[in-house]
Amino acid sequence: MRYSESFIYTLKEDQKEAAIVSHNLLLRGGFISKLASGIYNYLPLGLRVIRKVSEIVREEMNAAGALEILMAAIQPAELWIESGRWNDYGKELLRIKDRGDRDFVFGPTHEEVVTDIVRKYAKSYKDLPFNLYQIQTKFRDEVRPRFGLMRGREFIMKDAYSFDADENGMDISYLKMRDAYYNIFRRCGLAFRSVEADTGSIGGKDSEEFMVLSKTGEDEIVVCDKCDYSANVERAESITKDEKGEELKLKKVETPNKQTIKDVCEFLNADERFSAKALVYKNEEGKIFCFFIEGDDELNEIKAARVTGSVELVMLSDEELKDAGLEKGYIGPINFPNKDIEVICDKRLENRNNLVVGANEEGYHYIGAKLHRDFECDKIADLREVKENELCPRCKQGKLKRIRGIEVGHIFKLGLKYSKAMKAEFLDKNGKTQPFYMGCYGIGIGRTAQAAIEQNHDEKGIIWPISIAPFEIEIVSLDTRDDGIRYYCDMLYDDMINNGFDVLYDERDERAGVKLNDMDLIGIPIRVVVGKKNFHSNKVEVSLRKNRDEKELVDIDAVFEYVMNLREQLYKELENIREA
RNA sequence: CGGGGUGUAGCGCAGUUUGGUUAGCGCACCUGCCUUGGGAGCAGGGGGUCGGUGGUUCAAAUCCACUCACCCCGACCA
């Protein structure tokens, strides 16, 4: 593409609306433009990147045996009612009506539609397994869109759905996708890691998220420094060294005006780890739960929601606590005052021989309390948030670290959830009707592109991995009025284009600084600069975006080959990128 | 949805506290000259009615009310 014939508009100044580098650079480089909150237009440069990422995804999906389809973006409400998600999905689901007042949704995901397609056609075990995927625009009416393409409301996603005859088959399909994902993110030049994940509202059994490691990531993940254990904090577990403590007699003590765990423990001269604090939540149906965890632990709300089978948990207000008959600051598990509230204890409490707990009476606590001796609860579960440096639950030796990541992909084993709800069935060898075992696999295309910038940039701009750069090579002509230089540049450009390479040729009548700075901002990996300075000695300058200090003067006749080698080398480097 | 903040030209901003001529600056854009290896210079020029609506006033970007949009922090997801 010749620059003068392109549609590239760069900005010198940082964009106010961008809170993170990658968003700022996408805007400044003229890759995207905002239309509304969380809704963006892809300009030529941005679209090229989206296409590059999509193509890598497509190649790897196809290589894994998946079949590309394209489903309708607008879906009838009936399917969502059938799956039960018309109610469960909530406000994030964009609902629209047609002229006949019939309900539709703009698809945020396609489990329902794909299941509907499959149940119509695939009737025999002989058809299985298969995996259908698409790359398509989705819409989720996020409460808080932010960071450009990172969390848009309208976004491009690759979603794949596997169908198998049995659980074993599903596991194999899942592993195939897992492999494909490793290939995809590696080819995109990203430092990433796959982590155990919570399944969230989509439901299902196992699931893993693919995280691009970045300080600005919205997700926190826990990794072991010895083995390959890694998990989203939402689900991470750990081994803690438990001291049981001395077994003491239960005793009620006065604790006037001491409501927080810290105050109480200080007052009683007790270790916070030997106390149980109460956290009271209600779920979407208004059902109330009281969780007891150790005084210095944090409740992991995701785990808590899963244990209670809730979609969402909200903390009770002071007033609601009072209405429930609970004494704020003094809530304890002994003689718990409200039988309608489910009481759940963190499993760590089982290991303590003496605990400080509230007495359900203003101004009093118990000391020396012990689970199963002095009190019982409805459930015991893992409720706590993992802390840094605790022991790895897998190798039992490494220490856990908390780092941040950007979730660019997510794979799930769905099992029978949708096939049962929507009666998607086939006949097995014995002529028996069976529901499909399903899996679903997503990749955020735009998010992946932006994550690449977050990971690869400097103060001048983007440093694209060659595989997803809008162009692989740029030719900058610094003396556009010199006939010899123009003739040479035109030739070189034509040569490269005719050989199928992606080249941006800057032949604008601008000063050198303007052109070079624009190119640095846009971030094209290989740069060829042709100017008087070297051209008269039959040389041009070639350099890489990622290392501008190493400029090579190449003989004008050898440039084509030199650049082709560089290009090949850059692609090869991607193959060597390891999982972070 | 709760909390905080911002809306003045395509982008970045000043002006608003204390109402008062044709609303200003930088970048970008157009014309000409000049310049051409890291965002040049000179001269000339086009573009906004100050997010919207209503009000107060002789007079509103500026004061008041309502409203909309956007951004940031929290609970959800690719």
Side-chain angles (χ1 to χ4, degrees), chain A residues 9-20 23-24 27-28 30 33-39 53 57 89-93 108-109 135-160 181 197-202 207 209-212 218-219 232 234 281 301-302 305 311-315 317 406-412 440-451 460-461 476-482 485 508-521 527 529-535 540-541 548 551:
Chain A
Y9 297 95
T10 58
L11 298 167
K12 284 185 189 167
E13 272 158 312
D14 287 341
Q15 295 305 289
K16 206 176 118 199
E17 68 172 83
I20 58 175
H23 186 196
N24 187 231
L27 256 10
R28 281 189 51 207
S33 90
K34 189 175 74 180
L35 185 62
S37 180
I39 301 177
V53 176
V57 168
Y89 213 92
K91 283 192 181 162
E92 218 173 89
L93 184 62
T109 176
I135 295 173
Q136 189 210 34
T137 296
K138 302 275 191 274
F139 194 94
R140 294 184 189 173
D141 206 351
E142 293 274 351
V143 193
R144 189 152 113 71
R146 61 187 133 168
F147 304 148
L149 303 183
M150 214 62 112
R151 175 180 300 276
R153 291 193 291 171
E154 184 180 303
F155 61 101
I156 300 172
M157 173 164 132
K158 186 283 301 179
D159 47 327
Y181 275 41
D198 184 65
T199 50
S201 65
I202 296 181
S207 105
E209 289 165 334
F210 286 76
M211 296 284 187
V212 169
E218 293 186 85
D219 285 272
N232 195 308
E234 294 170 352
Y281 284 81
E301 293 186 11
I302 306 283
V311 175
E312 195 184 22
L313 290 175
V314 192
M315 234 175 176
S317 66
I406 299 163
E407 184 191 345
V408 290
H410 200 162
I411 57 178
F412 292 90
C440 80
Y441 318 92
I443 290 180
I445 303 290
R447 190 183 276 187
T448 300
Q450 193 173 334
K460 295 230 128 193
V476 185
S477 166
L478 292 183
D479 296 279
T480 48
R481 285 175 221 162
D482 181 306
I485 289 178
R508 289 177 297 170
D509 189 16
E510 288 282 355
R511 314 189 100 239
V514 174
K515 292 195 266 203
L516 297 176
N517 280 309
D518 272 344
M519 288 301 194
D520 283 349
L521 175 61
R527 186 180 79 185
V529 174
V530 185
K532 276 195 189 121
K533 199 167 94 183
N534 300 310
F535 193 72
V540 303
E541 174 204 290
R548 277 284 186 257
K551 294 174 183 139

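A, B, ... follow the sequence lines: proteins, then strands. Residue 1 opens every chain.
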*Asks:* Does the rG12(B) base have a donor-acceptor partner in the side chain of D14(A) within less than 3.5 Å?
*Replies:*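 Result: no qualifying N/O pair found.
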*Asks:* Report yes or no: is there a donor-acceptor pair, N or O only, under 3.5 Å between the side chain of R151(A) and the base of rC77(B)?
*Replies:*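 Flag set: donor-acceptor pair detected.
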*Asks:* Which nucleotide, in any strand shown, forms a Watson-Crick or G-U wobble pair with rA43(B), with both distances under 3.5 Å?
*Replies:*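 rA43(B) is paired with rU31(B).
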*Asks:* State the pairing partner of rG19(B); accept Watson-Crick or G-U wobble contacts with both distances under 3.5 Å, and report none otherwise.
*Replies:*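 Checking every strand shown, rG19(B) finds no partner, since no pair has both distances under 3.5 Å.
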*Asks:* For rU49(B), which nucleotide in any strand shown is its Watson-Crick or wobble partner with both distances under 3.5 Å?
*Replies:*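 rU49(B) is paired with nothing.
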*Asks:* Suppose we call a contact any N or O donor and acceptor under 3.5 Å apart; does that hold for the side chain of R447(A) and the base of rC77(B)?
*Replies:*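 Indeed, a donor on one side and an acceptor on the other fall under 3.5 Å apart.
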*Asks:* Test for a donor-acceptor pair under 3.5 Å between the base of rG39(B) and the side chain of E510(A), counting only N and O atoms.
*Replies:*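 Not at all, since no donor on one side and acceptor on the other fall under 3.5 Å apart.
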*Asks:* Look at the side-chain N and O atoms of K12(A) and state whether any lies under 4.0 Å from the OP1 or OP2 oxygen of rA28(B).
*Replies:*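 For rA28(B), OP1/OP2 do have a side-chain N/O of K12(A) under 4.0 Å.
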*Asks:* Going by ring centres under 5.5 Å and near-parallel planes (under 30°), is F155(A) stacked on rA78(B)?
*Replies:*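 Stack criterion met.
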*Asks:* Any salt bridge linking E218(A) with R146(A)? Criterion: basic side-chain nitrogen under 4.0 Å from a carboxylate oxygen.
*Replies:*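 Yes, this pair counts.
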*Asks:* Could you tell me which nucleotide pairs with rA14(B) by Watson-Crick or G-U wobble geometry, both distances under 3.5 Å, or answer none if nothing does?
*Replies:*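 Looking at the geometry, rA14(B) pairs with no nucleotide.
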*Asks:* Tell me whether the OP1 or OP2 atom of rA78(B) has a side-chain N or O from T109(A) closer than 4.0 Å.
*Replies:*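 So the side-chain polar atoms of T109(A) never come under 4.0 Å of the phosphate oxygens OP1 or OP2 of rA78(B).
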*Asks:* For rC71(B), does either OP1 or OP2 sit under 4.0 Å from a side-chain N or O belonging to K34(A)?
*Replies:*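 Answer yes for this pair, as a side-chain N or O of K34(A) is under 4.0 Å from OP1 or OP2.
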*Asks:* Strictly distance-based, threshold 3.5 Å: is any side-chain N or O of R28(A) a donor or acceptor partner for the main-chain N or O of L11(A)?
*Replies:*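 Present.
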